[in-house]
Colleague: 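Mind having a look at this structure? Questions to follow.
Below, read A as the first sequence line, B as the second, and so on, with proteins coming before strands; counting in each chain starts at 1. Here the structure is a predicted model, which means the values were calculated and not measured.
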Amino acid sequence: MRRIALVDVNNFYVSCEKLFRPELEGKPVVVLSNNDGCVVSRSNEAKALGIRMAAPWHHCRAIAEQHGVVAFSSNYGLYGDMSRRVVDVLSQFVPRMDLEVYSIDECFLDVTKQPHVDASAWGQAIRQRVRQWCGLPVCAGIGPSKTLAKLANFVAKKQPSWQGVCDFTSLPPQRQAALLAEIGVGEVWGVGRRLVPQLAEFGIHTAADLRDADAASLRTRFSVVVERIVRELRGEACLEVEHQPAAKAQIQSARSFAEPFRELEPLLESARAHVVRAVEKLRAELALAGRIEVFLETNRFSPDELQHHPVASENLPAATDDVLHLVGVATRLVRAMHRVRFRYQKVGVRLLDLSPRSGRQATLFDDAPVRDARRERLGQVLEAAGKRWGRGAVAPGTAGLAGERAWHMRRGALSPAYTTRWADLPVVRT
DNA sequence: TCTGGGGTCCTAGGACCC
DNA sequence: TCTGGGGTCCTAGGACCC
């Protein structure tokens, strides 16, 4: 039987912030999304106050003030660095081949080949070492499939008696069934809020109900995805632990503004900056884009606002990572979509049809290998400058330089870059 | 006043081809 | 008046994840 562990950090972003602010222990703390828009991480105390995941922050203001909730803007530099440290520790417990970094705060570990008799003790050892070396609390769930590992992790987190580790594989079948019967079907990985009421029509309310449902008829009614969830719940590993991340199919850069704009110019600047950022990511992927898409959005949440959500895209004559060419195309697309009567709240750029850079395809009428070489050199220089002085330090004309943009985002409560900037290192007093 | 950003996968349906 | 069968490719939309 396969044995797969899911290890994740509890309340990850909040735990990172609390690590450097120990006086916040026991206090309600939240971390907000970009633009300080939504709550994306909550301490247990904040959860207890009824602050919901993804709740708009301005809806929580009253309760936050009343209970002294401490809010942070998201500090992805810090979280990314802490994430790498956790992965480093986990790599000591399984070969790199058997480790999948699934998200910024979660890893799947394939422990099938591990010789330990007692997976719970092994999980406790992981907890102890991550706590000691990174200062972060983690939980572990172990199951015969990824879906059951996820559920075991959920159980380990919710029920204190497990002490943060639940090995589903070691439980007798009746005990497994009883656990699954306590868990709402919406907690199952892959069952979202739309599916819950539709499954209820089939009399499926708990994880146990879903496991025991007729897989074939669910496939007909829904899709192969739901069928696969059923099989995974039965202990059949349909999903592998993938140690190598799959090549990206698309790259996106988009942001809401602090204030909406009618004018063309800030939209152009923003779109160009998104192209620059997307190309940075593209180059980091060692990939080329075959198509670019640009979109504008008005404020979807405002019923009084005139709505406009145009999308425009263009196939590129040859797959490219040429930032100047892409800026030119994006500029043209934004100009064509923009209408002055709307107040735009968001601009975004997507690079699609990605292909590996090594497989670069010249066009039939490729007339300018010399220009290509110069453009390539320019791309490298921009990339190096961005790494050295920070993103947006150097940008193609009128992409707007960092620090002087009218369309910045709100980030009112940002914590220091404790682990990634010398000036922000915490000082230890003796 | 104030509602994130970045992804993936699946399916249905239309256009088109032989 | 009759109007196949099989296939690909593309796009839009829906659902999910963190």
Colleague: If you pin A/Phe301 and A/Ala249 to their nearest nucleotides in DNA chain B, which one's is more 5'?
Modeller: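 Its nucleotide being nearer the 5' end, the pick is A/Phe301.
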Colleague: Does any non-hydrogen side-chain atom of A/Val130 lie less than 4.5 Å from one of A/Leu90?
Modeller: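 Yes, their side chains come closer than 4.5 Å.
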Colleague: Check this for me, if you would: do A/Arg300 and A/Glu305 make a salt bridge, where the nitrogen-to-carboxylate-oxygen distance has to be below 4.0 angstrom?
Modeller: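 A salt bridge is absent here (no side-chain N lies under 4.0 Å from a carboxylate O).
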Colleague: Could you check whether A/Lys146 makes a cation-pi contact with A/Phe108, meaning its NZ or CZ is under 6.0 Å from the centre of the six-membered ring and within 45° of the ring axis?
Modeller: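 Yes, A/Lys146 lies over the aromatic ring of A/Phe108.
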Colleague: By a strict heavy-atom criterion of less than 4.0 Å, which residues belonging to residues 42-66 of chain A are in contact with DNA chain B?
Modeller: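 Within this stretch, A/Pro56, A/His58, A/His59 sit under 4.0 Å of the strand.
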Colleague: Nucleotide by nucleotide, 5' to 3', does protein get under 4.0 Å of the base (B), only the sugar-phosphate (S), or neither (-) in nucleotides 10-18 of chain C, counting heavy atoms?
Modeller: -S---SSSS
Colleague: Once you round it to whole Å, what is the distance between C1' of B/dC2 and CG of A/Leu32?
Modeller: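 So the CG-C1' distance, A/Leu32 to B/dC2, works out to 11 Å.
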Colleague: Please pick, from B/dG4, B/dT3, B/dG6, the nucleotide with the shortest atom-to-atom distance to any side-chain atom of A/Gln345.
Modeller: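 Closest of the options to the side chain of A/Gln345: B/dT3.
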Colleague: Between atom OH in A/Tyr79 and atom C1' in B/dG5, what is the gap in whole Å?
Modeller: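 Going from OH in A/Tyr79 over to C1' in B/dG5 covers 14 Å.
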Colleague: Taking the side chain as C-beta and beyond, is there a heavy-atom pair between A/Val323 and A/Val276 under 4.5 Å?
Modeller: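 Touching, per the 4.5 Å side-chain cut-off.
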Colleague: On DNA chain B, compare the nucleotides closest to A/Tyr76 and A/Val225; which residue's is nearer the 5' end?
Modeller: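 Residue closer to the 5' terminus by nearest nucleotide: A/Tyr76.
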Colleague: Using the C1' atom in both, what is the distance from B/dC16 to C/dG4, to the nearest Å?
Modeller: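 Going atom to atom, C1' in each nucleotide, I get 16 Å.
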Colleague: Salt bridge or not between A/Arg411 and A/Asp36? Use side-chain N to carboxylate O under 4.0 Å.
Modeller: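 Here A/Arg411 does not pair with A/Asp36 in a salt bridge, since their nearest N and O are not under 4.0 Å apart.
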Colleague: Round to the nearest Å and state the distance from A/Glu259 atom CD to B/dC2 atom P.
Modeller: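 Distance check: A/Glu259 CD to B/dC2 P gives 8 Å.
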Colleague: Parallel, tilted or perpendicular: which describes the rings of A/Tyr344 and A/His308, with under 30° parallel and over 60° perpendicular?
Modeller: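 Ring orientation, 0 to 90° scale: tilted.
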Colleague: Among B/dG4, B/dG6, B/dT8, which nucleotide has an atom closest to any side-chain atom of A/Gln250?
Modeller: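 For the A/Gln250 side chain, the nearest candidate turns out to be B/dT8.
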Colleague: Atom CD of A/Glu305 to atom P of B/dC2: distance rounded to whole Å?
Modeller: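 Answer to the nearest Å: 9 Å.
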Colleague: Taking only N and O in the side chain of A/Lys346, is any of them less than 4.0 Å away from OP1 or OP2 of B/dG5?
Modeller: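 The answer is yes; a side-chain N or O of A/Lys346 sits under 4.0 Å from OP1 or OP2.
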Colleague: Once you apply a heavy-atom cut-off of 4.0 Å, does A/Ser302 come out as touching a base, just sugar-phosphate, or nothing?
Modeller: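 Here A/Ser302 touches no strand at all.
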Colleague: How many Å lie between NZ on A/Lys248 and C1' on B/dG5, as a whole number?
Modeller: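 So the two atoms are 13 Å apart, to the nearest Å.
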Colleague: Any chance CZ of A/Arg221 has more than 12 other-residue heavy atoms, nucleotides or ligands included, within less than 6.0 Å?
Modeller: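 Above 12, so yes.
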Colleague: State, without any angle test, whether A/Ser270 and A/Arg255 hold a side-chain donor-acceptor pair at a distance under 3.5 Å.
Modeller: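 No, no side-chain donor-acceptor pair sits under 3.5 Å.
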Colleague: Tell me the interatomic distance from A/Asp353, atom CG, to B/dG7, atom P, rounded to whole angstroms.
Modeller: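 From A/Asp353 CG to B/dG7 P: 15 Å.
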Colleague: Please check the phosphate of B/dC9 (OP1 and OP2 only) for any side-chain N or O of A/Ser223 closer than 4.0 Å.
Modeller: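 No.
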Colleague: Please verify the inter-ring angle class for A/Tyr102 with A/Trp189; under 30° counts as parallel, over 60° as perpendicular, anything in between as tilted.
Modeller: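 Answer is perpendicular, since the angle exceeds 60°.
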Colleague: Please report, rounded to the nearest Å, how far the C1' atom of B/dG5 is from the CZ atom of A/Arg411.
Modeller: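 Answer to the nearest Å: 13 Å.
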Colleague: Rounding to 10 degrees, work out the angle separating the end axes of the helix from B/dG5-C/dC18 to B/dC18-C/dG5 (five pairs an end).
Modeller: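 Roughly 10° between the end axes, to the nearest 10°.
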Colleague: How about A/Phe342 and A/Phe261: are their ring centres within less than 6.0 Å of each other?
Modeller: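 No - the distance between ring centres of A/Phe342 and A/Phe261 does not fall below the 6.0 Å cut-off.
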Colleague: Hey, are the side chains of A/Cys139 and A/Gln163 touching, using non-hydrogen atoms and a 4.5 Å cut-off?
Modeller: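 Answer no - side chains too far apart.
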Colleague: Which atom names give the shortest non-hydrogen contact between A/Ala156 and A/Ala140, and what distance separates them?
Modeller: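 Taking A/Ala156 first and A/Ala140 second, the nearest heavy atoms are CB-O, 3.7 Å.
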Colleague: What contact category does A/Arg300 fall into here, base, sugar-phosphate, or nothing, at under 4.0 angstrom with non-hydrogen atoms?
Modeller: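 Result for A/Arg300 = nothing.
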Colleague: Separation of A/Arg255 atom CZ from B/dG4 atom C1', in whole Å?
Modeller: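 It works out to 8 Å between those atoms.
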Colleague: Would you say A/Glu25 has more than 12 foreign heavy atoms packed within less than 6.0 Å of its CD?
Modeller: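 At most 12 heavy atoms, drawn from other residues, nucleotides or ligands, come within 6.0 Å of this atom.
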Colleague: Looking at A/Arg277, does any N or O in its side chain come under 4.0 Å of the phosphate oxygens OP1/OP2 on B/dG6?
Modeller: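 Indeed, a polar side-chain atom of A/Arg277 lies that close.
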